[in-house]
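Comments concern the structure below.
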Protein chains: 2
Amino acid sequence: MNKNDLRVVKTKQNLHVALTKLLKIKPLSQIKVTELCLKAKINRGTFYFHYQEVGDVFKEFFEEIMVDLKESYDEPYRHTDILDVEHLDPKTVRIFHHIKKYEDFYNIILSHEVSTEYYYMLFDEIRKICIEDKNAVPTGKPNEYLYSYSANAILGLIIEWYRHDFQESADEMNVHLVNILNRKI
Amino acid sequence: MNKNDLRVVKTKQNLHVALTKLLKIKPLSQIKVTELCLKAKINRGTFYFHYQEVGDVFKEFFEEIMVDLKESYDEPYRHTDILDVEHLDPKTVRIFHHIKKYEDFYNIILSHEVSTEYYYMLFDEIRKICIEDKNAVPTGKPNEYLYSYSANAILGLIIEWYRHDFQESADEMNVHLVNILNRKI
DNA sequence: TATTTTATTGAACAATTGTACAATAAAATC
DNA sequence: GATTTTATTGTACAATTGTTCAATAAAATA
């Protein structure tokens, strides 16, 4: 199976478009393989040639979003006008803007009925950022546990945000984070 | 449907026993309804009268474990011999002993192929503990975000522990937590 | 352009799912 | 113990899943 073969590219593209359309109507867990293939106008056999379940197509999407998250940390940051970032590397707090940008996707990823796989993908990505961005994490000699602690703590904020239907702005979320980090534990 | 009806009790008991047996052979995601009913010697129709999917039976299990977690916080704590708990309420760190006790279950809950539902059940339970146990959380006026931050941070440690195949002892995990909490962020 | 490679198709298949319902058996209630 | 209630069973059914395979069509390569 050659990923660059035009036929493969077309098939995947069709599935991506079809899935996006279906996700606007119904939750991921309710989308059947048959249904997706019908909408994408590809054969069910072709689907099983590339994937195992509908979630795998969604996972491909999410991998692209994870690339965006990663890449967004290489650009200069332009949201420093509101925050007191004295004790905080601005890079850290860009996560919330990214989440807001892909709000629709994170509503799926954080919903109850999906596999934990997506959560772990997000966790690993944020964890990597914590490792690279030393200021995102308490000082002192770091270890595996500290990184997982810090990364998942931020994810805790995101879960709470999700439960508030992402009503707060990304900048307000930054304020929450700064407030928490400025306490002495 | 009367939960106390002996027939119901028997049916559920049979399903519980059957699921426990099957979980020793294969992951939760691979256990079919048909298979479970065959093992439990109950009719498939009966299954669908009580549940929607195999995961629902597992969820019943997990609810019992959540009760144990909750209850364990009402008993006196007996593991204070190793730790310096000067800056830490001993209650907080009892979570790791509970996890170790039900290691087999948490291996399932934290695995990649299951629904996030179980993760959220655990999150909510630890979050409640954080609310009740003020010392588990940084000082200052608390809010929803702080509790979610703290609860999920502890879950971050548990995820890391899970990825280490729970090799560390519960007391060693307590040391990790104390080390992290004693830093100034 | 001709040839080779291979992704896609369509069709068939058994297995599983999810639902429905009347008949039955087991428990609760009197 | 007799009656009522209802959980369970067996059966049937359509829909979906997951797999297989030869035929085909589309792309890559020479």
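Only a predicted model underlies this, so the values are computations on that prediction, with no experimental measurement involved. Naming: A, B, ... by sequence-line order, numbering from 1 per chain.
- Between the OH atom of B:Tyr106 and the OH atom of B:Tyr118 there is a distance of 13.5 Å, given to the nearest 0.5 Å.
- Whole-Å rounding puts the B:Tyr51 OH to D:dA7 C1' distance at 13 Å.
- Atom pair B:Lys10:NZ and C:dA26:P shows a separation of 8 Å (rounding to whole Å applied).
- Only A:Lys32, A:Val33, A:Thr34, A:Arg44, A:Tyr48, listed by number, bring a heavy atom of residues 24-50 of chain A to less than 4.0 angstrom from any atom of DNA chain D.
- The interatomic distance linking A:Asp5 (CG) with D:dA27 (C1') rounds to 5 Å, in whole Å.
- B:Gln13 CD: 12 or fewer foreign heavy atoms inside a 6.0 Å radius.
- Whole-Å rounding puts the B:Gln52 CD to C:dG18 P distance at 8 Å.
- Side-chain heavy atoms closer than 4.5 Å link hydrophobic residues (I, L, V, M, F, W, Y) into clusters, and following such links, even through other members, never connects B:Val33 to B:Val8.
- Between the side chains of B:Glu172 and B:His176, no donor-acceptor pair of N or O atoms lies under 3.5 Å.
- Under the 30°/60° scheme for interplanar angles, the aromatic rings of A:Tyr119 and B:Tyr119 are found to be tilted.
- Nucleotide D:dA26 holds its C1' atom 13 Å from the CG atom of A:Asn2, rounded to whole Å.
- Contact annotation: A:Thr11 side-chain N/O to C:dT8 OP1/OP2 distance is under 4.0 Å.
- A donor-acceptor contact under 3.5 angstrom links the side-chain atoms of A:Arg7 to the base of D:dA26.
- For the pair B:Leu6 CG and D:dT6 P, the computed distance is 16 Å after rounding to whole Å.
- The separation between B:Asp56 atom CG and C:dG18 atom P is 10 Å, rounded to whole Å.
- Annotation: B:Phe61 is in aromatic contact with B:Phe105 [ring centroid separation under 6.0 Å].
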